[in-house]
Amino acid sequence: MQRIVYPGSFDPPTYGHLNIIQRASRLFDMLEIVIADNKRKEYFFTADERFEMITEMVAGLHNVQVNLWNGLIVDFVSNVGARVILRGVRALSDFEYEFELSLINKGLNPQIETIFMPTDKKYFVLRSSAIKELAMFNGDVSSMVPPVVVRALKAKLNGS
Ligand code: ADP
């Protein structure tokens, strides 16, 4: 069984993330999404909120599982018996960072490979940080994130 692990902050998850998830879930038997909950990082949404949003987004995909993890990704990968990490890349600027990260993970566990999937051109400019900023100024983000995330952004920004 070919299992692939897709880690990220997903703060919040976007249609760009979902596109990668849908395409990868067709190539592998099982896709494990790992929501990073790094205690030293500040997130806009709590880990539970990010978990709930992604869970709703992937509800129709039967070989996709959502997990929360606050340790090293390579440890999660070996714990579930996988060998492959998936990362999405948008532009060359992503690639530099992703390449470095893949070398770090390779150094931590040489058995684990990272593979990169290029974004669909429709989602080339989707970035979680820009979406949060746009939402703060009341911008319409409904073409960038699913309805569950639009609602969560509104609720968060209205302080509820
Ligand atoms: P991280 O904080 O770990 O970079 P993100 O949630 O920002 O986590 O992204 C998770 C993964 O999804 C990364 O590999 C990132 O490059 C990729 N990604 C983010 N946005 C898009 C997009 N619009 N299209 C394709 N891949 C994306």
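Atoms within a ligand are numbered from 1 in the order they appear, just like the ligands themselves. Side-chain atoms are counted along with the backbone in the values below, which use heavy atoms only and exclude waters and symmetry mates.
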task: Evaluate the ring planes of Tyr6 and Phe10, with Trp represented by its six-membered ring, and classify them as parallel (under 30°), tilted (30 to 60°) or perpendicular (over 60°).
output: perpendicular
query: When the ring planes of Phe76 and Trp69 are compared, do they come out parallel, tilted or perpendicular, using 30° and 60° as the limits?
result: perpendicular
Lys/Arg cation over aromatic Tyr43: Arg50, 6.0 Å, 45° cone: yes
message: As a quick check of understanding, evaluate side-chain contact (heavy atoms from CB on, under 4.5 Å) for Met117 and Arg87, giving each step before the final call.
response: CA-CA 6 Å; Met117 185 178 270; Arg87 295 286 287 177; over 6 Å; no
Donor-acceptor contact below 3.5 Å, side chain Asp37 vs main chain Leu68: no
task: List for me each residue that meets side-chain contact (heavy atoms from CB on, under 4.5 Å) alongside Ser142, sequence neighbours excluded, and say none if there are none.
output: Asp140, Val150
message: Counting only heavy atoms and a distance below 4.0 Å, can you name the residues contacting ligand 1?
response: Tyr6, Pro7, Gly8, Ser9, Phe10, Gly16, His17, Ile20, Lys41, Arg87, Gly88, Arg90, Glu98, Thr119, Tyr123, Leu126
